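Right, one structure below, let's go through it.
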Amino acid sequence: MSTITFIGTGNMARTIGTLAVAGGNTVEVMGRDQSKADALAKVLGGGTTAGRWGAVPAGDIVITSLLYGAVVPVVAAYGDALAGKTIVDISNPFNATFDGLAHSEQTSVAQEVAKVAPAGASVVKAFNTIFRGVLENGRPNVFFAGDDAQAKAGFAAFVESLGLRPLDVGGLKMAHWLEGMGVVTMGLAGNGLGHWDFALGVNEFQG
């Protein structure tokens with residue numbers, strides 16, 4: 001099993017954290033508001049602890065459960081506290097109308113995180129194509145991207161502990177296209193499907 005730290009105490013930290021505890025992983029949560037971190041740790045149960053904001057995370061895998069604009073600044077502020085960690089960015093940088101990305105260049109939040117992460121840290125993009133309600137009630141595929149094979153293997157094992165199917169889409173530059181897939185899910189929710197109870201996935205065919 002894995003040791004996981006969530007930086008951020010929002011809905012996705014609660015949802016993935018619940019699955020992580022049920023999967024037998026060791027979980028820690030960190031928040032700017034210590035009372036919120038303490039409260040989330042209590043809700044998650046299963047021995048979940050509340051770390052101090054800015055301290056060295058206990059988890060080998062650190063999931064930044066933050067709005068996209070906060071991810072890079074927070075990783076930069078943590079600095080060497082994240083050395084040797086696998087940093088997982090789950091954010092979606094949507095534009096104001098949710099039909100495009102907030103950045104115009106062929107980059108991603110995860111790629112920008114890699115620029116400020118300390119030596120020895122690895123960055124993975126994941127979970128951004130899945131609505132929270134689907135994570136709570138379904139078993140969606142989890143697409144992920146990253147450059148470090150060992151870090152990706154560890155992350156994939158964590159995803160499997162949640163009862164989910166990890167699907168590696170390639171190197172970290174593919175994080176840009178995962179963010180694009182996030183935009184596609186929003187388009188489907190607002191148009192072709194008209195609801196949030198779905199997830200993108202892969203069907204394999206023989207012959």
Side-chain angles (χ1 to χ4, degrees), residues 1-94 98 102 108-110 112-113 116-118 121-138 140 142 144 154-155 158-159 161-164 175 178-179 182 185 196 199:
M1 296 297 102
S2 305
T3 57
I4 310 298
T5 293
F6 292 91
I7 297 180
T9 56
N11 290 329
M12 286 296 278
R14 181 185 298 260
T15 299
I16 300 173
T18 298
L19 295 173
V21 170
N25 300 282
T26 300
V27 177
E28 175 188 54
V29 295
M30 292 178 164
R32 292 183 188 275
D33 185 330
Q34 189 63 43
S35 65
K36 290 183 178 180
D38 292 340
L40 179 56
K42 184 175 181 180
V43 167
L44 294 179
T48 299
T49 58
R52 298 291 172 181
W53 184 263
V56 176
D60 294 324
I61 297 174
V62 178
I63 299 175
T64 55
S65 181
L66 303 163
L67 295 176
Y68 78 87
V71 177
V72 172
V74 166
V75 169
Y78 264 75
D80 288 342
L82 297 175
K85 307 292 186 181
T86 298
I87 304 167
V88 182
D89 164 45
I90 66 174
S91 68
N92 272 311
F94 295 135
F98 296 93
S108 65
V109 176
E112 298 306 308
V113 165
V116 302
S122 301
V123 180
V124 171
K125 182 81 179 187
F127 287 111
N128 70 295
T129 64
I130 309 170
F131 295 122
R132 177 169 57 90
V134 175
L135 269 177
E136 291 174 339
N137 301 306
V142 179
F144 67 98
F155 175 75
F158 166 63
V159 171
S161 80
L162 308 182
L164 307 178
L178 286 182
E179 291 182 350
T185 63
W196 308 90

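Sequential numbering from 1 along the given sequence is applied to the chain's residues. Computed from a predicted structure; not experimentally measured.
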Dump the intermediate steps for side-chain contact (heavy atoms from CB on, under 4.5 Å) on Tyr78 and Val62, then the final yes or no. CA-CA 11 Å; Tyr78 264 75; Val62 178; over 6 Å; no
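- In this structure, the side chains of Trp53 and Val74 come closer than 4.5 Å at one or more pairs of heavy atoms.
- Considering every non-hydrogen atom in both Phe6 and Ala13, the closest pair reads CD2-CA, 3.9 Å.
- Inter-residue side-chain proximity for Ile16 and Phe158 is flagged as met; some heavy-atom pair is nearer than 4.5 Å.
- Looking at Asn92, its side chain does come within 3.5 Å of a backbone N or O of Asn128 through a donor-acceptor pair.
- Counting all heavy atoms, side chain and backbone alike, Thr5 lies closest to Glu28 at OG1-OE1, 2.6 Å.
- What you find for Leu162 and Phe127 is that their closest heavy atoms are CD1-CZ, 4.0 Å.
- The heavy-atom pair separating Val142 from Ile130 by the smallest distance is CG2-CD1, 3.8 Å.
- The CZ atom of Phe144 lies 15.5 Å from the CD1 atom of Ile90; values are rounded to the nearest 0.5 Å.
- Of all non-hydrogen atoms in Ala110 and Glu179, the two that sit nearest each other are N-OE2, 4.3 Å.
- Of all heavy-atom pairs between Asn25 and Ser161, the closest is ND2-OG, 2.9 Å.
- Among Val71, Ile61, Leu82, the single residue meeting the side chain to side chain contact (heavy atoms under 4.5 Å, CB included) criterion with Ile87 is Leu82.
- Looking at heavy atoms from C-beta onward, Pro140 lies in side-chain contact with Leu135 at the 4.5 angstrom threshold.
- Between the side chain of Thr3 and the main chain of Thr26, no donor-acceptor pair closer than 3.5 Å is present.
- Considering only heavy atoms from C-beta on, Leu40 comes within 4.5 Å of Arg14 through its side chain.
- In this structure a side-chain-to-backbone donor-acceptor pair under 3.5 Å is missing from Lys36 to Gly31.
- The CD1 atom of Ile7 lies 7.0 Å from the OG1 atom of Thr64; values are rounded to the nearest 0.5 Å.
- No side-chain heavy atom of Leu66 sits less than 4.5 Å from a side-chain heavy atom of Ser91.
- Between Asp89 and Glu112, the closest side-chain pair of non-hydrogen atoms is not below 4.5 Å.
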CA sep, side-chain torsions, deciding dist, call: Met12, Ile63, side-chain contact (heavy atoms from CB on, under 4.5 Å): CA-CA 10 Å; Met12 286 296 278; Ile63 299 175; over 6 Å; no
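- The side-chain heavy atoms of Ser65 and Thr9, taken from C-beta on, include no pair separated by under 4.5 Å.
- For the atom pair CZ of Arg132 and OG1 of Thr15, the computed distance is 5.0 Å after rounding to the nearest 0.5 Å.
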